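Chain letters run A, B, ... following the sequence lines, proteins first and then strands; every chain starts at 1. The figures here come from the full heavy-atom set of this structure, side chains too, leaving out hydrogens, waters and symmetry mates. The model shown is predicted, which means the values in this text are computed figures rather than measured ones.
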There are 2 protein chains.
Amino acid sequence: MARRSDHNRGELHDIALSAARKIALTEGLKGLTARKVADEIGYSPGTLYNVFGDMDDLIIQLIAQTLDELYIYLASVRGEGNPIDDLKLILEKYIKYLEGHRNLWNILFEHQLPNDRSLPDWYTIKLAKLLGIIENALSPIFPSGQEDACANSARVLWASLHGLNSLSEAGKMRTVSAQSFQELAEILIVCFVKGLQQTQKEIDTTMPEVH
Amino acid sequence: MARRSDHNRGELHDIALSAARKIALTEGLKGLTARKVADEIGYSPGTLYNVFGDMDDLIIQLIAQTLDELYIYLASVRGEGNPIDDLKLILEKYIKYLEGHRNLWNILFEHQLPNDRSLPDWYTIKLAKLLGIIENALSPIFPSGQEDACANSARVLWASLHGLNSLSEAGKMRTVSAQSFQELAEILIVCFVKGLQQTQKEIDTTMPEVH
DNA sequence: TAATATATTGAACATTGTTCATAATCAACC
DNA sequence: GGTTGATTATGAACAATGTTCAATATATTA
């Protein structure tokens, strides 16, 4: 058989990703197989390989879509210029997103590209956009000219939240009294940001501004 | 064929784990298959299932062994009671271990137990022992009676380091100017600990000791 | 209408984890 | 030593995975 005019290439790409998203939401990474996606869209497994290079490709695109989605979700947060408060608001929204998309979101850190392959540029760009939200919240701490330091701090915070979420999700962090992810994340945010502020204060004292 | 008296149950268990470790060191989680382990020890795949419940079981035991190994490695660090300095020493040793055991160590966070299974108690105990090292380094910050807060902070730090390592390993954190894991981890440690200390100071000021 | 291009297929391959009847060996007893 | 019985390793077999590709059915063009 061949050549149905049900969908063109682009449409196929989109409905396949939608199907993948649907499966991922309920079954997670392990349930996300080529055959299931193919079944879901009413095409054969082989067809997927005309649209995606391989399953890793499809998964990366699904993750990228998810990054976009979270970005839109978090971009609605209106901060007031206080890093700790603003980050707590962002965290709250982040957690709300997580709760509705657990299995989908976990794919973000469960999936690992083979060592010999690296992430495409458009992926890195989407990620940078999301990190921009954290950078923005942290920016009041850093004087102009220290944008790199701010970006690094945002990445540290981002990765740390990942770690917290990942380990508590996997049950690899049985805490003293069953602390929730949110509680631990707030400890992280409060202490980390306070530390950043303290560091800046120390720099100001040691090297006073030149007028 | 059957019943060779080459090895008893316990020996089989040990040489299988050794073989798994060897494979894991060079090929990581994806290369760690039942057939490869069986080949390596000169037995058939089926034999593995007389010794381990399944591959997840074997992998959990491999991870536990690795936790033990890292504990012994890190326990040799002699701190001086300054949390930041001590944690930096621990970090240095941790990184040294990582460098020699990259693929093995990554299994720790790459591997995910199916949702319906939870980690055995002896695993949690080994993990707690390792966390004790961080708790110990943090302990000067906390007054007695706040052991739980100390334990929570240690867990936050541990998970955060995981996140940093995991994302930088996966190339999912392309930093501004190619910061190394060590640089980012030091930012985390310094800021987080400063924040903890600052928080304690604030508590002391607000609620002065009762004599 | 005929020829050409192309999209879809699904059977096929190599690998996975895992199971289990079979067979080989050891231990005990006569 | 021989027979029996329990135990243990086996490897073929199964289902499921990602992936490939010759065959084929349909659109498009001439």
_Between C1' of D:dA9 and CG of B:Asp39, the distance in whole Å_ = 15 Å
_Below 30° counts as parallel, above 60° as perpendicular, anything between as tilted: where do the rings of B:Trp105 and B:Tyr94 land?_
perpendicular
Output side-chain donor-acceptor pairs under 3.5 Å for residues 117-133 of chain A, partner residues at least two apart or in another chain, one line each.
from: A:Arg117; atom 1: NH1; to: A:Asp54; atom 2: OD2; distance (Å): 2.8
from: A:Thr124; atom 1: OG1; to: A:Pro120; atom 2: O; distance (Å): 3.4
from: A:Lys126; atom 1: NZ; to: A:Asp68; atom 2: OD2; distance (Å): 2.7

*Mind calculating the distance between CG (B:Leu32) and P (C:dT15) to the nearest angstrom?*
17 Å
*When you check the side-chain N and O atoms of A:Ser180 and A:Glu183, is any donor under 3.5 Å from an acceptor?*
yes
*Specify the separation, in whole Å, of atom CD1 of B:Ile59 and atom P of C:dT16.*
13 Å
*asked:* What is the separation between atom CZ on B:Arg9 and atom P on C:dT25, rounded to the nearest whole Å?
replied: 19 Å
*Rounded to the nearest angstrom, tell me the gap between atom NE2 in B:His7 and atom C1' in D:dT7.*
18 Å
*Identify, between B:Arg35 and A:Asp56, the residue whose nearest nucleotide on DNA chain D lies closer to the 5' end.*
B:Arg35
*asked:* Any donor-acceptor pair under 3.5 Å linking the side-chain atoms of A:Asp56 with those of A:His111?
replied: yes
*Roughly, in whole Å, what's the span from CE in A:Met55 to C1' in C:dT15?*
16 Å
*asked:* Looking at D:dA9, I'd like to know if its phosphate oxygens (OP1 or OP2) sit under 4.0 Å from a side-chain N or O belonging to B:Asn50.
replied: yes
*Between C:dT8, C:dT18, D:dT10, which nucleotide gets closest to the side-chain atoms of A:Leu12?*
C:dT8
*asked:* Closest-nucleotide mapping onto DNA chain D: is A:Gly53 or A:Lys30 further toward the 5' terminus? I mean the 5' end.
replied: A:Lys30
*Side chain of A:Thr33: nearest nucleotide among C:dG17, D:dT19, D:dG18?*
D:dG18
*asked:* Rounding to an integer number of Å, can you tell me how far A:Leu48 CG sits from D:dT17 C1'?
replied: 14 Å
*Could you check whether B:Thr47 gets within reach of a base, just the sugar-phosphate, or nothing at all, counting any heavy atom under 4.0 Å?*
base
*Closest nucleotide among D:dT10, D:dT17, D:dT19 to the B:Ser44 side chain*: D:dT10
*Do the charged groups of A:Glu169 and A:Arg102 touch, with an N to O distance under 4.0 Å?*
yes
*When the distance from OH of A:Tyr49 to P of D:dT17 is rounded to whole Å, what number comes out?*
11 Å
*asked:* By nearest atom, which of the nucleotides C:dT18, C:dT9, D:dG18 is closest to the A:Tyr43 side chain?
replied: C:dT9
